[in-house]
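In what follows, a single structure is set out as structure tokens and then discussed.
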Amino acid sequence: QAQLVESGGGLVQAGGSLRLSCAASGSDFRIPSMGWYRQAPGQQRVLVALITSDDLIYANSVKGRFTISRGGAENTIYLQMTSLKPEDTAVYYCKAFGVGGVYWGQGTQVTVSS
């Protein structure tokens with residue numbers, strides 16, 4: 001069981017940067033897989049980036065611009081977003097793949113102005 005809380009969203013101009021954070025609590029073990037997803041208005045929720053024990057996966061649309069990372073030994077992940085585009089505007093959700101199930105955060109809004 002885990003509780004996920006995202007933070008770091010906001011309004012930024014095109015070309016700018018933001019760093020999203022996701023902190024997972026309520027787990028006695030290090031969560032092996034966590035990821036970031038996003039959902040734009042009228043669109044489906046899609047994968048942005050995923051980090052596992054030994055793999056990194058990025059959506060083609062963010063490769064070279066976004067970086068997912070872990071926060072030390074804690075169940076925390078970050079998403080460093082650079083060269084932001086208006087197309088990146090969406091609610092960004094943190095997801096944890098725990099041994100007992102899958103958990104989602106409440107989401108944090110990212111808005112990129114043109």
Side-chain angles (χ1 to χ4, degrees):
Q1 298 183 1
Q3 179 72 32
L4 308 180
V5 179
E6 304 99 332
S7 63
L11 175 64
V12 65
Q13 292 184 326
S17 301
L18 284 174
R19 190 190 192 200
L20 306 184
S21 299
C22 173
S25 62
S27 177
D28 295 330
F29 306 97
R30 187 171 187 268
I31 300 173
S33 300
M34 298 180 69
W36 289 98
Y37 294 71
R38 69 186 183 188
Q39 186 168 19
Q43 304 293 318
Q44 295 180 311
R45 188 175 299 184
V46 298
L47 172 70
V48 175
L50 181 69
I51 185 168
T52 68
S53 60
D54 52 21
D55 292 318
L56 295 175
I57 300 174
Y58 293 96
N60 289 333
S61 60
V62 306
K63 287 182 179 178
R65 300 188 298 119
F66 291 9
T67 302
I68 188 171
S69 61
R70 291 186 184 274
E74 299 178 356
N75 288 319
T76 302
I77 60 169
Y78 303 96
L79 185 68
Q80 180 66 51
M81 306 184 294
T82 62
S83 301
L84 283 163
K85 305 174 181 179
E87 306 93 90
D88 296 318
T89 295
V91 177
Y92 284 70
Y93 297 90
C94 182
K95 184 180 182 180
F97 300 83
V99 65
V102 177
Y103 302 89
W104 291 93
Q106 294 297 314
T108 184
Q109 177 71 48
V110 172
T111 302
V112 184
S113 62
S114 60

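Remember, predicted model here, so these are calculated numbers, not experimental data.
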Is it true that [X] and [Y] fall in one hydrophobic cluster, defined by side-chain heavy atoms closer than 4.5 Å?
X	Y	answer
Val12	Val62	yes
Val110	Phe66	yes
Met34	Leu56	yes
Val48	Val102	no
Leu18	Trp36	yes

Checking the side chain of [X] only, and the main-chain atoms of [Y] only, is there a donor and an acceptor separated by less than 3.5 Å?
X	Y	value
Glu6	Cys94	yes
Asn75	Ile31	yes
Thr108	Tyr92	no
Thr82	Arg65	yes

Next on the checklist: Within the 4.5 Å heavy-atom criterion, are Glu87 and Ser61 side-chain neighbours or not?
Outcome noted: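 Counting from C-beta outward, Glu87 and Ser61 never come under 4.5 Å.
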Checklist entry - Is there side-chain contact between Leu79 and Arg38, with at least one heavy-atom pair below 4.5 Å? => result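 In short, these two side chains do not touch, never coming nearer than 4.5 Å.
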What heavy-atom pair brings [X] and [Y] nearest, and what distance separates the two atoms?
X	Y	result
Thr52	Ser33	CG2-OG, 3.4 Å
Ala49	Tyr58	CB-CD2, 3.7 Å
Ala14	Pro86	CB-CD, 4.1 Å

Item to check | Passing option when Met81 is tested against Val112, Asp88, Leu20 for side-chain contact (heavy atoms from CB on, under 4.5 Å) | outcome: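 Of all the options given, the one that passes is Leu20.
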Gap separating the [atom1] atom of [X] from the [atom2] atom of [Y], nearest 0.5 angstrom:
X	Y	atom1	atom2	answer
Ile68	Leu50	CD1	CG	6.5 Å
Ser114	Gln13	OG	CD	9.5 Å
Lys95	Cys22	NZ	SG	12.5 Å

Checklist entry - Step by step, would you call Gln109 with Thr111 a side-chain hydrogen bond (donor to acceptor under 3.5 Å, both in side chains)? => result CA-CA 6 Å; Gln109 177 71 48; Thr111 302; 3.3 Å; yes
Checklist entry - Can you check side-chain contact (heavy atoms from CB on, under 4.5 Å) on Arg70 and Ile51, steps first, answer last? => result CA-CA 8 Å; Arg70 291 186 184 274; Ile51 185 168; 3.6 Å; yes
